[in-house]
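To start, the structure itself, in structure tokens.
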Protein chains: 2
Amino acid sequence: MKVTIYDVAEKAGVSISTVSKVMNNQQVGQKSKQKVLKAMEELDYKPSVLASALTGKRTSTIGFILSDIANPFLAEITRQVEDRAHEVGYNLVICSTDFKQEKEERYIELLRQKSVDGFILVGDFKNKDVLVKLTHKDVPVILLAAESHPSLSVNTVTVDNFIGGYEITSHLIGFGHERIAFIAETAGSSQERIRGYKQALQEHSLPYHEDLIVISDSSLEDAKRLAVQLLDSPNRPTAIISSNDLLAMGVLMGAREKGLNIPKDLSVTGFDNTLLSKSCDPPLTTIAHPIKSMCTQAVDMLIEEVEGVKKEKQKILALPTLIVRKSTDYNPFKTNR
Amino acid sequence: MKVTIYDVAEKAGVSISTVSKVMNNQQVGQKSKQKVLKAMEELDYKPSVLASALTGKRTSTIGFILSDIANPFLAEITRQVEDRAHEVGYNLVICSTDFKQEKEERYIELLRQKSVDGFILVGDFKNKDVLVKLTHKDVPVILLAAESHPSLSVNTVTVDNFIGGYEITSHLIGFGHERIAFIAETAGSSQERIRGYKQALQEHSLPYHEDLIVISDSSLEDAKRLAVQLLDSPNRPTAIISSNDLLAMGVLMGAREKGLNIPKDLSVTGFDNTLLSKSCDPPLTTIAHPIKSMCTQAVDMLIEEVEGVKKEKQKILALPTLIVRKSTDYNPFKTNR
DNA sequence: CCTTTTTTGTAAAGCGCTTTACTTTTGTCG
DNA sequence: CGACAAAAGTAAAGCGCTTTACAAAAAAGG
């Protein structure tokens with residue numbers, strides 16, 4: 001049988017309210033406090049979070065919603081969030097939505113019934129409505145690595161994808177590349193990265209060719225197909241940027257199939273600095289995000305809201321960093337270098 | 001203000017017990033049932049899981065404990081478990097332990113206080129004691145992809161690592177390899193794989209060289225170092241098996257550093273068939289596990305125990321499959337092939 | 001040594017739901 | 001149409017904890 005506060009009270013010879021008080025560090029005389037502590041110890045008493053939450057206390061549980069925990073980048077984020085959450089005494093209950101709106105809605109509803117203290121929503125949401133509804137429900141929410149919704153008053157921690165796109169493009173331009181392709185996704189973050197790409201081109205007075213931007217279905221296979229297609233085109237690019245590392249792996253495979261040497265014949269870059277980018281051959285030049293600090297901030301913001309410390313919302317924009325590895329080099333066709 | 005069962009009862013003009021009964025599909029007259037349903041609908045009533053769990057019902061939450069959610073293989077497993085759990089109406093709360101015993105203990109304790117309905121423990125545990133304690137606590141537990149503890153009466157779903165090691169070694173032997181190295185880890189699964197490796201050697205009357213088995217610290221860097229070391233040895237191996245795909249990436253890098261062509265000069269294999277093995281160059285011959293079915297079974301077994309359907313424990317041993325890709329080929333030094 | 005404060009400790013209500021035991025309604029049948 | 005069984009509905013206790021309002025005890029002061 002589970003040992004309850006009553007058992008402790010009885011064993012210590014005090015009332016349950018006294019026991020409750022020592023648990024919550026309230027004024028209790030030294031003597032009874034000791035008695036209670038001793039009783040707890042001896043009975044190996046573990047208070048029920050359920051019961052205490054029912055009276056209005058926290059559940060110390062965070063709803064963590066993302067598209068797919070199996071995605072290495074998201075898994076890495078999850079780990080960082082989890083670590084910070086544990087540090088401050090919270091647990092994560094995880095739900096993968098596959099970007100399906102009905103799952104997003106269902107899971108949020110379910111977790112609310114389970115009285116999670118707040119939500120961390122990672123990555124873009126299929127449907128803004130879900131978000132809007134949630135923010136109207138007086139429950140703490142943090143958007144992490146998601147599109148920034150300027151119109152929504154919700155705490156947000158994002159990386160500046162525009163800068164990321166700008167940096168990596170500039171890096172390639174620095175190597176003399178002029179025809180730089182971009183394999184993108186439909187997500188909002190990709191669009192931002194493309195904006196940065198365009199900005200870099202423009203600042204260096206390079207022409208923007210619409211046909212160099214292609215949209216993938218986010219699979220390695222599709223990226224490979226697109227890469228081959230790009231490389232087969234009459235005026236082929238000398239560098240290919242992918243909007244994430246996995247896509248870049250596809251590019252690598254496609255290029256190899258065509259007998260190209262990376263980076264001698266073609267520069268390729270990834271995005272997100274995942275395990276993949278470090279372990280492939282050649283290791284990828286990519287863009288790293290300050291994941292750890294972003295996750296820590298996201299958790300801390302959420303907790304502050306949960307505990308009612310802070311009321312005003314804020315949006316944090318983190319800056320990404322260019323990581324230069326072996327997959328990029330000078331444009332082999334550039335005459336004057 | 002949150003809407004409770006009282007609000008519904010009042011609106012419907014019945015008692016709360018009637019409302020409770022319709023929620024739990026018990027005998028209730030048609031008329032009142034409709035009134036209640038309508039009231040619930042209109043009030044957008046969502047029963048509190050906390051309150052209902054406090055009275056003895058399930059929390060429909062599973063404690064999911066593993067070493068590191070950021071590990072791609074584990075993330076994949078997590079996803080499968082999550083999917084199945086959601087299908088049957090359960091959520092996962094996730095805890096990464098880094099193999100630290102104190103974390104294992106703390107998280108299990110914490111989750112018990114939160115009244116999770118059961119635990120799924122993934123991978124090997126640092127300390128068997130934690131496990132033993134847990135199994136003595138009348139809470140449902142499943143070991144997934146973990147060492148089988150023959151002495152423990154606990155539900156288990158594991159892959160047959162012995163077979164895995166045997167299969168991949170036999171595959172290499174079939175290619176004429178005789179000096180086959182094995183880069184292992186300390187975990188129990190590695191040991192089983194090595195047993196299979198030895199068995200294969202023996203069945204083919206090949207000598208077992210102790211110096212061909214090396215233990216890594218599980219990092220890519222260390223695997224690379226060990227690979228180089230093996231390749232520098234006087235009587236170098238013609239094939240290297242790694243006990244997981246990540247280590248194999250390290251081998252790939254080491255081999256490349258030494259100017260070897262894979263698979264012409266050296267065959268290398270991974271284990272676990274992760275994303276890594278598919279996306280690297282050349283794609284790795286590896287061992288795949290029936291992850292999906294294993295995870296489904298694990299969840300189902302747990303639920304059965306939670307709901308008290310089944311009482312007897314069982315241990316399920318799944319069979320792995322050899323996946324042949326481009327990283328293995330004939331032994332170049334073999335005379336008669 | 002008695003009154004006033006302050007410190008400790010307690011009883012009881014309440015959190016939102018389930019469940020048991022019981023009462024009221026309905027329906028059935030002779 | 002009255003007696004009785006079945007069906008429908010309800011009151012109340014209880015799950016394990018927090019908290020408020022209050023009582024008892026201890027400390028302080030005159």
Side-chain angles (χ1 to χ4, degrees), chain A residues 1-40 43-61 109-117 307-308, chain B residues 1-40 43-61 109-117 307-308:
Chain A
M1 208 46 240
K2 185 130 182 52
V3 20
T4 75
I5 196 174
Y6 287 94
D7 304 318
V8 176
E10 185 175 5
K11 178 135 196 165
V14 299
S15 75
I16 60 165
S17 19
T18 303
V19 177
S20 175
K21 282 183 180 170
V22 348
M23 288 196 285
N24 299 287
N25 316 298
Q26 301 186 27
Q27 269 297 12
V28 173
Q30 273 305 309
K31 292 169 299 185
S32 6
K33 183 162 184 176
Q34 288 314 318
K35 282 191 294 181
V36 169
L37 256 19
K38 181 154 162 287
M40 285 175 150
L43 294 173
D44 191 30
Y45 170 67
K46 312 283 177 188
S48 154
V49 172
L50 290 189
S52 109
L54 191 56
T55 70
K57 292 245 164 155
R58 321 262 104 89
T59 52
S60 300
T61 304
E109 205 46 71
L110 231 153
L111 296 188
R112 296 205 70 216
Q113 290 187 226
K114 293 194 179 177
S115 305
V116 298
D117 295 329
E307 323 228 296
Chain B
M1 209 45 240
K2 184 133 184 49
V3 18
T4 75
I5 196 174
Y6 288 93
D7 304 318
V8 176
E10 185 175 7
K11 179 136 194 164
V14 299
S15 75
I16 60 165
S17 19
T18 302
V19 177
S20 176
K21 281 183 180 170
V22 349
M23 288 197 284
N24 299 285
N25 315 299
Q26 302 186 27
Q27 270 293 15
V28 173
Q30 273 306 310
K31 292 169 299 188
S32 4
K33 183 163 183 175
Q34 288 313 318
K35 283 191 295 182
V36 169
L37 255 21
K38 182 154 160 285
M40 284 174 150
L43 294 173
D44 191 29
Y45 169 67
K46 312 282 176 191
S48 154
V49 172
L50 289 188
S52 108
L54 192 55
T55 70
K57 292 247 165 150
R58 319 264 103 88
T59 51
S60 299
T61 304
E109 205 46 71
L110 233 154
L111 296 187
R112 296 205 71 217
Q113 290 187 226
K114 292 193 179 176
S115 306
V116 297
D117 294 329
E307 323 228 295

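In what follows, every chain begins at residue 1, and chains take the letters A, B, ... in the order their sequences are listed.
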- request: May I ask you to say what B:Gly29 touches in the nucleic acid, namely base, sugar-phosphate or nothing, with a heavy-atom cut-off under 4.0 Å?
  value: sugar-phosphate

message: Out of the candidates A:Met23, A:Lys33, A:Gln34, only one should pair with A:Val28 under the side-chain contact (heavy atoms from CB on, under 4.5 Å) rule; please name it.
response: A:Lys33

message: Whether B:Gln27 contacts D:dA7 is assessed here as follows: a side-chain N or O lying under 4.0 Å from the phosphate OP1 or OP2. Is that the case?
response: no

task: Return the set of residues passing side chain to side chain contact (heavy atoms under 4.5 Å, CB included) with B:Leu111 (not counting sequence neighbours), or none when no residue passes.
output: A:Asn91, B:Ile65, B:Val93, B:Cys95, B:Val116, B:Phe119

- request: Could you state the atom-to-atom distance from CZ of A:Arg58 to C1' of C:dC15 in whole Å?
  value: 15 Å

field: Options C:dC17, C:dA11, D:dT19, nucleotide nearest the side-chain atoms of B:Ser48
entry: C:dC17

query: Under 6.0 Å from the NZ atom of A:Lys38, do we count more than 12 heavy atoms belonging to anything else shown?
result: no

statement: Per nearest nucleotide of DNA chain C, the residue lying toward the 5' end, A:Ile16 or A:Ala51, is A:Ile16

- line: Separation of C:dT26 atom P from B:Gln30 atom CD, nearest Å, is 16 Å

query: Nearest-Å distance, NZ (A:Lys35) to C1' (C:dT8)?
result: 11 Å

- line: Separation of D:dC17 atom P from A:Asn24 atom CG, nearest Å, is 11 Å

task: Determine the contact category for B:Val19: base if any of its heavy atoms lies under 4.0 Å from a base atom, sugar-phosphate if only primed atoms, P, OP1 or OP2 are that close, otherwise nothing.
output: nothing

message: Determine whether a donor-acceptor pair (one donor, one acceptor, N or O, separation below 3.5 Å) exists between the side chain of A:Lys31 and the base of C:dT8.
response: no

field: Residue met sooner reading DNA chain C from 5', once A:Lys21 and B:Lys57 are mapped to nucleotides
entry: A:Lys21

Given DNA chain D, 5'-ward residue of the pair B:Leu54 and B:Val28, judged by closest heavy atom: B:Val28

query: What is the distance from CD of B:Gln26 to C1' of C:dT18, rounded to the nearest Å?
result: 9 Å

task: Among the candidates C:dG16, D:dG16, C:dT10, find the nucleotide nearest to the side-chain atoms of A:Tyr6.
output: D:dG16

- request: Verify whether one side chain among A:Ser20 and A:Ser17 offers a donor that lies under 3.5 Å from an acceptor in the other.
  value: no

- request: May I have the distance from B:Ile5 (atom CD1) to C:dT19 (atom P), rounded to whole angstrom?
  value: 11 Å

message: Under 3.5 Å, is there any donor-acceptor pair linking the side chain of B:Thr18 to the base of D:dA8?
response: no

query: Which one, C:dA11, D:dT18, C:dA21, comes nearest to the side chain of A:Ser17?
result: C:dA11

message: Side chain of A:Ser20, heavy atoms from C-beta onward: which of C:dC15, C:dG16, D:dT19 has the nearest atom to it?
response: D:dT19

field: N/O donor-acceptor pair under 3.5 Å between B:Lys114 side chain and B:Thr59 backbone
entry: no

query: C:dT18 C1' sits how many Å from B:Asn25 CG, rounded?
result: 14 Å

- prompt: Any chance CD of B:Gln113 has more than 12 other-residue heavy atoms, nucleotides or ligands included, within less than 6.0 Å?
  reply: yes

Spacing of B:Tyr45 atom OH relative to C:dG16 atom P, expressed in whole Å: 10 Å

B:Ser15 side chain near D:dT10 phosphate (N/O to OP1/OP2, under 4.0 Å): yes

